[in-house]
Amino acid sequence: MGERVAVVSGGGTGIGAAVARTLAGDGYDVLIVGRRADVLSATAEQIGADCGRPAAVSTVTADLTDPEQLDRVVAALGGRTVDVVVNNAGGYLDRESDTLAGAAAYWRANLDANVLTAVLLTEALRPALRRPGGRVILLSSIAAQRGGAGPYSAAKAALHGWAYDLAAQLGPEQITVNVVSPGYVAETEFFGDRMTPEGHTRRVAATLVGRAGEPADIAEAVRYLASPAAGYVTGQVLGVNGGSVLGR
């Protein structure tokens, strides 16, 4: 059993799985949380085999938009102190109808998936965060900075404002709160079947480095923010987007 503990939501695939892999490789015991038990189990088994610690990653199946299911996450920790919380759960949910009721459902679903999941997980684990030295990391999106995705853009932007408030609240306890804002990252489930070859080419062309991001690029940014080297970094939004949106 490792001395450090990390909790990663949306940890079964894509960026979340890459973060879990990176932190497990650094010696953390990682708890990955998601809604698909089979996907979580396969990811945990693969990471454990690859890093030579079969029990490095454990799983909890929970819908983080449901407050009653957060008890599962807390129980799985068995009273251990949490060093790092990575709020990665979320995604873009499509609109199902053009009615006002459809608009309300569309916005609520995106806000729940991208904001409420992070708020509830962080609140549930807040008493267990290491003091001093805990880390809360939120995964946002380039869409929060340049728009283009309606309620998804708005939801991810909401994480920025909340992160600033949370950083101010937890700073006196030497807990940092930061946001990682990825640009276009290939090899994830985010776009589903919506991505076309033309869309991929356009997004790559918008970068300054001429390539799509990879989940490992985002995981390395999380690794930095989780590390002792980032102890003086809090209340910040770190863009990892190949230069497709410049810092401001």
Side-chain angles (χ1 to χ4, degrees), residues 8-16 33-37 39-40 60-73 85-126 136-169 177 179-186 188-200 202-203 206 213 218 237 239-241 244-245 248:
V8 181
S9 68
T13 63
I15 290 170
V33 186
R35 292 179 297 175
R36 296 176 292 175
V39 172
L40 293 172
V60 172
T61 305
D63 180 348
L64 297 179
T65 67
D66 180 355
E68 294 185 1
Q69 296 191 33
L70 271 296
D71 288 345
R72 302 177 190 176
V73 182
V85 179
V86 182
N87 287 291
N88 171 69
Y92 177 82
L93 285 78
D94 289 323
R95 183 168 179 166
E96 295 185 357
S97 81
D98 292 331
T99 65
L100 281 177
Y106 178 45
W107 277 80
R108 286 182 180 130
N110 278 279
L111 289 167
D112 283 357
N114 294 286
V115 180
L116 192 62
T117 54
V119 171
L120 292 182
L121 181 61
T122 302
E123 287 298 309
L125 299 183
R126 188 165 171 169
V136 177
I137 301 169
L138 312 176
L139 269 293
S140 175
S141 167
I142 195 172
Q145 296 155 295
R146 69 180 184 190
Y152 176 77
S153 298
K156 289 301 190 183
L159 292 177
H160 298 191
W162 178 56
Y164 303 150
D165 284 347
L166 196 60
Q169 293 169 19
V177 181
V179 178
V180 176
S181 181
Y184 173 48
V185 178
T188 75
E189 296 182 341
F190 179 81
F191 290 97
D193 59 3
R194 300 190 305 271
M195 180 54 65
T196 64
E198 294 77 16
H200 171 82
R202 184 173 66 254
R203 287 168 173 80
I218 313 307
V237 178
V240 187
N241 59 43
S244 49
V245 167
R248 47 164 104 66

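- The two residues Arg35 and Ala62 have their closest heavy-atom pair at CG-O, 3.6 Å.
- Within the 3.5 Å criterion, the main-chain N or O of Leu64 finds no donor-acceptor partner in the side chain of Gln69.
- Ser181 places a side-chain N or O within donor-acceptor distance of the main-chain N or O of Ser141, the cut-off being under 3.5 Å.
- For the pair Arg72/Val33, no side-chain contact is recorded, criterion being any heavy-atom separation below 4.5 Å from C-beta on.
- Applying the side chain to side chain contact (heavy atoms under 4.5 Å, CB included) test to Ala144 and every residue at least two apart in sequence or in another chain returns Ser140, Lys156, Ala157, His160.
- Summarising the geometry of Tyr106 relative to Leu93, their closest heavy-atom pair is CE1-O, 3.1 Å, with the distance given to 0.1 Å.
- Put simply, the side chain of Asn110 never gets that close to the backbone of Tyr92: no donor and acceptor are under 3.5 Å apart.
- The two residues Asn88 and Gly10 come nearest to each other via the heavy atoms ND2-O, 3.0 Å.
- The shortest non-hydrogen separation linking Gly12 to Val39 is O-CG1, 3.7 Å.
- Between Val86 and Leu139, the closest heavy-atom pair is CG1-CD2, 3.7 Å.
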**Q.** Trace of the side chain to side chain contact (heavy atoms under 4.5 Å, CB included) decision for Ser9 with Thr117
**A.** CA-CA 9 Å; Ser9 68; Thr117 54; 5.9 Å; no
Q | Residues Ile137, Val85; criterion side chain to side chain contact (heavy atoms under 4.5 Å, CB included); working and verdict | A | CA-CA 6 Å; Ile137 301 169; Val85 179; over 6 Å; no
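- Listed for the Ser153 side chain is a donor-acceptor partner under 3.5 Å among the backbone atoms of Ala143.
- When each of Val177, Val179, Thr122 is tested with Trp162 by the rule side-chain contact (heavy atoms from CB on, under 4.5 Å), just one qualifies, namely Thr122.
- Here Asp165 pairs with Gln169 under the side chain to side chain contact (heavy atoms under 4.5 Å, CB included) rule; sequence neighbours left out.
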(Q) For a side chain to side chain contact (heavy atoms under 4.5 Å, CB included) check, start with the C-alpha distance between Thr65 and Leu120, then their side-chain angles and the critical distance, and finish with the verdict. (A) CA-CA 7 Å; Thr65 67; Leu120 292 182; 5.6 Å; no
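- Contact record, Leu40 with Gly34: CD1-N, 3.5 Å, taken as the closest heavy-atom pair.
- For Glu96, the salt bridge (Lys or Arg N to Asp or Glu O under 4.0 Å) criterion is met by no residue, not counting sequence neighbours.
- Without hydrogens or angle criteria, Asp112 side chain to Leu116 main chain gives no donor-acceptor distance under 3.5 Å.
- The shortest distance between side-chain heavy atoms of Asn114 and Tyr152 falls below 4.5 Å.
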